[in-house]
Amino acid sequence: VTSYYLLVRPLCKAKMIEDAEVLITESRKKFRELPLHNLVVSSYCKGKKLDAAVAVYEKMVATNSCSADFVTYTSLIQGLCKVKRLEQALIFLGKMVSKGFHPDVYTYTAVIHALCVENRLHEARKFLEEMANRNLTPNVVTYTVLIDGLCKGGRVDEAVALLSKMRKKCVPTAVTYNSLISGLCKAERASEAYDLLEEMVYSGCIPDIFTYTTLITGFCKSKKSDDALRVFEQLVARGFRPDVVTYSCLIDGLCKEGRLKEAIDLFGRMIKSGSCMPNTVTYNSLISGFCRMGKMDEAMNLLERMAETGSSPDVVTYTTLMNGFCKLARLDDAYDLLNQMTRKGLTPDVVTFTSLMDGLCRENRLSDAVHILGEMRRKSCTPTVYTYNTILDGYCRANQLEEARKFMLEEMDCPPN
RNA sequence: GUCUGACUGAUGGCCA
């Protein structure tokens, strides 16, 4: 037996699990030990080879070599959860219980997590209750998993309520705070998120630059760049290093409020600080800001200056600029950029084409716009509902309601929104 | 002598 362990364990560690499996299944009966089988099953699970893991389990059952135990079921259920084979995991959970084994907090948490990922929040909550019925105490991770699921499902209020509930039993971790802060920011409730951040720091949990950037983006989304700037100064004062994403978020927020001068100033400050260099996204935000203001000269100037800091324009850069020109009815300039980007080896995508189509529609060139739709399909660039809406809006604007109706019935191959 | 669970950041398109 000892020699089997000496072989099987290293084989599993070296991810040569198939060889390990051969060893244990073809050995003489007395070596068919359960821990060896469990080792193989769990190794397959870790390698996300769940079919193989389940096959070993089934062989165990079929050949009666040894019978699955707590560890076998735990490994399989958690492995299945990880690869999102939730239904199968639930079946094994049922089997496990019916065989008299008691899934532990970890297993329940893994199942709840998988349910949350599938947005099956009601069932997730039911499992929390089931834990209580089985005298299992949910811990921080269990609560955090559910809180995170609720946040991602847009049910932030329930998440906040669950936070209060969990506080009576355990202490939130940085992960808990991060989930909630992100959820509140997505729900445009950045000031509540900020309160949580302060509480997080006060209670000794350490946020990271991601946490701060989430908050900055949250304030920007709510058009509160000033609050975002305050968070920025605070993170610097607390010794965190803003990176290019942090700067870019702020720059984008300022641009979206039309505060272009401040955005440019911050851009300069970023370079001067020496801690990071702007990238394509940083430029794209600035360019988008200038385009929105109709300042196409400045926008084009930025395009030309990207190379100075080692950035290259991408499809977003060009689309932003083209859209800017389209909105000013400068279709020739937009087409020039289309050619330029193609020459650079960049491929226009569905957004690029939709922008162009919108420009054409605004100039009453509806048949040209519809023509692009055909081009897109030929290039297997799939139109989205925005693309169709653009055309529909064009028809409506031109008072061609009957055409719009016909287009919707005959051309739209996605559900309207 | 075998198993174990969680989170967070940026840019472009339609209408309103």
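Throughout, a chain's letter reflects where its sequence line sits, starting with A, and its residues are numbered from 1.
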Candidate nucleotides U11(B), G1(B), C14(B), ranked by approach to the side chain of N389(A) - the nearest: C14(B)

Among the candidates A10(B), C15(B), U8(B), find the nucleotide nearest to the side-chain atoms of D393(A). C15(B)

Looking at Y283(A) versus F267(A), is the centre-to-centre ring distance below 6.0 Å? yes

Would you call D252(A)-K256(A) a salt bridge at under 4.0 Å N-O? yes

From the set G13(B), G12(B), C3(B), return the single nucleotide nearest to any side-chain atom of Y386(A). G13(B)

Ignoring the backbone of T142(A), work out which of G9(B), G5(B), C3(B) is nearest its side chain. G5(B)

Looking at the base of U8(B), is there any donor atom on it, or on the side chain of T211(A), that sits under 3.5 Å from an acceptor on the other one? yes

Name the nucleic acid region contacted by T387(A), choosing base, sugar-phosphate or nothing; use a 4.0 angstrom heavy-atom cut-off, strictly under. base

Side-chain (T320(A)) to main-chain (V316(A)) donor-acceptor, under 3.5 angstrom: yes

Side chain of T317(A), base of G12(B): donor and acceptor closer than 3.5 Å? no

As a test of reading the structure: which of G12(B), C14(B), U2(B) is closest to the side chain of T390(A), going by heavy atoms? C14(B)

Whether the side chain of E123(A) engages the backbone of L115(A) through a donor-acceptor N/O pair (distance < 3.5 Å, no angle test) should be reported. no

Please confirm whether any donor atom in the side chain of T320(A) sits under 3.5 Å from an acceptor in the base of G12(B), or the reverse. no

Using a heavy-atom cut-off of under 4.0 Å over every strand shown, decide if I181(A) touches base, sugar-phosphate, or nothing. nothing

Against the side chain of T384(A), the closest entry in G9(B), C7(B), G13(B) is G13(B)

Of the candidate nucleotides G13(B), G5(B), A10(B), which contains the atom at the shortest distance from the side chain of K327(A)? G13(B)

Using a heavy-atom cut-off of under 4.0 Å over every strand shown, decide if V245(A) touches base, sugar-phosphate, or nothing. base

Yes or no on side-chain contact (heavy atoms from CB on, under 4.5 Å) for L360(A) and H371(A), after CA distance, side-chain angles and deciding distance? CA-CA 11 Å; L360(A) 290 165; H371(A) 181 75; over 6 Å; no

Classify T72(A) by what it touches in the nucleic acid, base, sugar-phosphate, or nothing, heavy-atom distance under 4.0 Å. nothing

Enumerate the residues from residues 348-360 of chain A whose closest heavy atom to RNA chain B is under 4.0 Å, giving them by residue number; use none for an empty result. D349(A), V350(A), V351(A), T352(A), T354(A), S355(A), D358(A)

Check this for me: does the side-chain of N284(A) come within 3.5 Å of the base of A10(B) through a donor and an acceptor? no

If you go through the side-chain atoms of D208(A), does one of them form a donor-acceptor pair with the base of G9(B) closer than 3.5 Å? no

Looking only at non-hydrogen atoms, find the nearest pair between P383(A) and M376(A) and report the distance. CA-CE, 3.8 Å

For RNA chain B, the residues among residues 103-121 of chain A that have a non-hydrogen atom under 4.0 Å from it: D104(A), V105(A), Y106(A), T109(A), A110(A), H113(A)

Considering every strand and a 4.0 Å limit on heavy-atom distances, what is the contact class for S42(A): base, sugar-phosphate, or nothing? sugar-phosphate

Base, sugar-phosphate or nothing for K221(A)? Non-hydrogen atoms, less than 4.0 Å. nothing

Record whether the side chain of T176(A) comes under 3.5 Å of the base of A6(B) through a donor-acceptor pair of N or O atoms. no

State whether the distance check finds a donor on one side and an acceptor on the other, under 3.5 Å, for side chain D148(A) versus base C7(B). no

Nucleotide G12(B), atom P - distance to CD1 of I287(A) in whole Å: 12 Å

Which nucleotide wins on minimum distance to the side chain of K82(A), given the candidates U8(B), G1(B), G5(B)? G5(B)

Could one point to a donor on the side chain of T246(A) or the base of G9(B) with an acceptor on the other under 3.5 Å away? yes

Can you list every ring-ring contact (aromatic ring centres under 6.0 Å, His included) pair that touches residues 173-221 of chain A, not counting sequence neighbours? Y212(A)-F240(A)

Looking only at heavy atoms, what is the nearest atom pair of M277(A) and I271(A), with distance? SD-CG2, 4.4 Å

Ring pair (Phe, Tyr, Trp, His ring centres under 6.0 Å) assessment of Y247(A) paired with F232(A): CA-CA 9 Å; Y247(A) 278 106; F232(A) 180 81; 5.3 Å; yes

By the 4.0 Å heavy-atom rule, please label N417(A) as base, sugar-phosphate, or nothing. nothing

Would you classify S179(A) as touching base, sugar-phosphate or nothing, given that sugar-phosphate means primed atoms plus P, OP1 and OP2, and contacts are heavy atoms under 4.0 Å? sugar-phosphate

Closest to the T214(A) side chain: G9(B), C7(B), C3(B)? G9(B)

Would the distance check show the side chain of K221(A) and the main-chain N or O of K186(A) forming a donor-acceptor pair, the cut-off being under 3.5 Å? yes

Tell me whether S222(A) contacts the main-chain N or O of K224(A) through its side chain, where contact means a donor paired with an acceptor under 3.5 Å. no

Could you work out which one of U4(B), G12(B), U2(B) sits closest to the side chain of V315(A)? G12(B)

